[in-house]
Q: 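Pasting in a structure now, in structure tokens, and then I'll have a few things to ask.
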Protein chains: 2
Amino acid sequence: MTEPKEAGRDPETLSRFVEHFAAQLVEAGLPRMPARVFAALLASDTGTLTSAELGEQLRISPAAVSGAVRYLSQVHMLSREREPGSRRERYRVHSDQWYEALTNREAVIKRWEDALREGITSLGPTTPAGRRLTETLAFFEFIEKDVAGMMERWRAHREERFGA
Amino acid sequence: MTEPKEAGRDPETLSRFVEHFAAQLVEAGLPRMPARVFAALLASDTGTLTSAELGEQLRISPAAVSGAVRYLSQVHMLSREREPGSRRERYRVHSDQWYEALTNREAVIKRWEDALREGITSLGPTTPAGRRLTETLAFFEFIEKDVAGMMERWRAHREERFGA
DNA sequence: CGCTTACTTCAGAAATTTGTGAAGTTAAGG
DNA sequence: CCTTAACTTCACAAATTTCTGAAGTAAGCG
């Protein structure tokens with residue numbers, strides 16, 4: 001029988017997926033270490049790993065784990081949990097959380113909008129450039145609102161397909 | 001009269017907006033030069049500028065303009081036009097085009113999906129990790145479809161507000 | 001057909017980012 | 001308390017990215 005029931009336990013196979021998926025995230029703009037840490041968590045059985053486990057699996061220093069984890073928690077792609085009665089920490093991907101993080105470029109969009117409003121004021125709303133900026137601003141305002149609706153549709157869709 | 005009717009013509013004011021907006025784009029992951037070039041085009045009266053105009057306004061070398069423009073046209077945020085009977089080129093932002101580019105992470109999403117499918121197969125669809133990946137994949141598939149709908153709603157919204 | 005202008009490519013200098021080891025901080029356990 | 005384990009911070013070396021000047025290519029014009 002050549003079909004391995006324990007495919008998921010083969011560290012080689014696991015590593016291949018982790019590195020491959022991380023590479024895609026990197027291409028999309030995520031820094032390398034955060035991408036690798038995130039991919040490792042996503043592919044873990046429980047969705048949680050300790051700092052030591054991450055360091056060992058990815059062959060990186062504790063400092064690198066620390067940096068990656070700080071980055072990921074700042075952008076809300078991961079949460080930190082303290083194991084009760086221990087100073088070991090567990091890091092967890094929570095699906096809901098990171099779907100939101102991914103679409104929730106809200107802070108980013110907000111700053112774009114602010115910059116655009118400033119531009120419209122300073123260049124003059126009736127100038128050709130001002131008009132172009134006004135329409136661009138309208139686009140972002142529309143997107144911002146519509147994405148919220150999209151996430152609700154997703155939640156409904158998921159519940160139907162996977163159960164609450 | 002202290003109110004300048006020609007606010008948009010003041011190069012200082014223009015430059016301030018360009019650099020500020022470009023900075024936001026950089027924070028969102030766009031390389032610096034492409035961001036600056038794009039912002040300059042967005043804030044130009046006609047929505048088009050020549051290579052020389054860009055170089056002068058942003059104080060960058062022809063080589064930098066060339067690189068930035070190549071980048072932007074590859075990600076469809078800009079189109080190149082040849083001035084008839086001249087070897088001068090004009091670069092243009094076309095709103096429709098770049099709205100699409102912004103939301104059209106289609107190629108990126110497609111590669112994420114591929115990586116996830118591979119992971120599901122190799123780790124096994126019934127393992128805990130496999131199930132997590134399956135749901136993640138479903139999320140992307142949903143998003144991909146819904147974004148298309150969002151862009152149609154935007155077009156309708158824009159037509160209503162700004163006219164076709 | 002050759003001159004000139006407009007853009008592109010390329011090698012390399014400069015700036016920035018990344019990841020490490022080492023030192024520092026905090027808190028559990030004896 | 002003192003020790004030690006778990007993480008964090010920091011300075012710096014290494015790798016990567018960015019932008020420039022210089023050389024190259026191509027197309028309009030005489």
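Since we're looking at a predicted model, the values are computed, not measured. Just so we're on the same page: letters track the sequence lines, and every chain starts at 1.
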Q: In whole Å, what is the span from the CD atom of A:Glu56 to the P atom of D:dA6?
A: 13 Å

Q: Can you tell me if B:Arg36 touches the phosphate of D:dC19, counting only side-chain N or O atoms and a distance under 4.0 Å to OP1 or OP2?
A: no

Q: Return the value, rounded to whole Å, for the distance between atom CE of A:Met33 and atom C1' of D:dA15.
A: 12 Å

Q: Distance check, rounded to the nearest 0.5 Å: A:Leu54 atom CG versus A:Leu41 atom CG?
A: 5.5 Å

Q: DNA chain D: B:Ala63 or B:Pro31, which has the more 5' nearest nucleotide?
A: B:Pro31

Q: Whole-Å distance between C:dG19 C1' and A:Leu58 CG?
A: 13 Å

Q: Counting only side-chain nitrogens and oxygens, does B:Arg59 get under 4.0 Å of the OP1 or OP2 atom of D:dT20?
A: no

Q: On DNA chain C, does the nearest nucleotide to B:Tyr91 precede the nearest nucleotide to A:Pro62 from the 5' side, or the other way round? Give the residue.
A: B:Tyr91

Q: Could you tell me the separation between the CD atom of A:Glu27 and the P atom of D:dT17, rounded to a whole number of Å?
A: 12 Å

Q: Any side-chain to backbone donor/acceptor pair from A:Arg36 onto A:Ala22? Under 3.5 Å, distance only.
A: no

Q: How many angstroms lie between atom CG of B:Leu58 and atom CZ of B:Arg32, to the nearest 0.5 angstrom?
A: 12.0 Å

Q: Give the rounded distance in Å between these two atoms: CD of A:Glu89 and P of D:dA6.
A: 12 Å

Q: Keeping B:Arg132 on the side-chain end and A:Asp45 on the backbone end, is there a donor-acceptor pair under 3.5 Å?
A: yes

Q: Looking only at side-chain N and O atoms, does B:Arg70 come under 4.0 Å of OP1 or OP2 in C:dT9?
A: yes

Q: When all nucleic acid strands are considered with a 4.0 Å heavy-atom cut-off, which category describes A:Arg82: base, sugar-phosphate, or nothing?
A: nothing

Q: If you assign A:Pro34 and B:Ser51 each to the DNA chain C nucleotide with the nearest heavy atom, which residue ends up on the more 5' nucleotide?
A: B:Ser51

Q: The side chain of B:Arg80 is closest to which nucleotide in this list: C:dC7, D:dT20, C:dG19?
A: C:dC7

Q: What is the separation between atom CZ on A:Arg32 and atom C1' on D:dA14, rounded to the nearest whole Å?
A: 14 Å

Q: Give the rounded distance in Å between these two atoms: CD1 of B:Ile60 and P of C:dC7.
A: 13 Å

Q: Remember a base hit wins even if backbone is also touched, and classify A:Ser66 as base, sugar-phosphate or nothing at under 4.0 Å, heavy atoms.
A: base

Q: Look at the side chain of A:Arg87 and the base of D:dA5, then say whether one donor and one acceptor between them are separated by less than 3.5 Å.
A: yes

Q: Which class fits the ring pair B:Phe140 and B:Trp112: parallel under 30°, tilted 30 to 60°, perpendicular over 60°?
A: perpendicular

Q: Round to the nearest Å and state the distance from B:Arg88 atom CZ to D:dA26 atom C1'.
A: 16 Å

Q: Once you apply a heavy-atom cut-off of 4.0 Å, does B:Gly85 come out as touching a base, just sugar-phosphate, or nothing?
A: sugar-phosphate

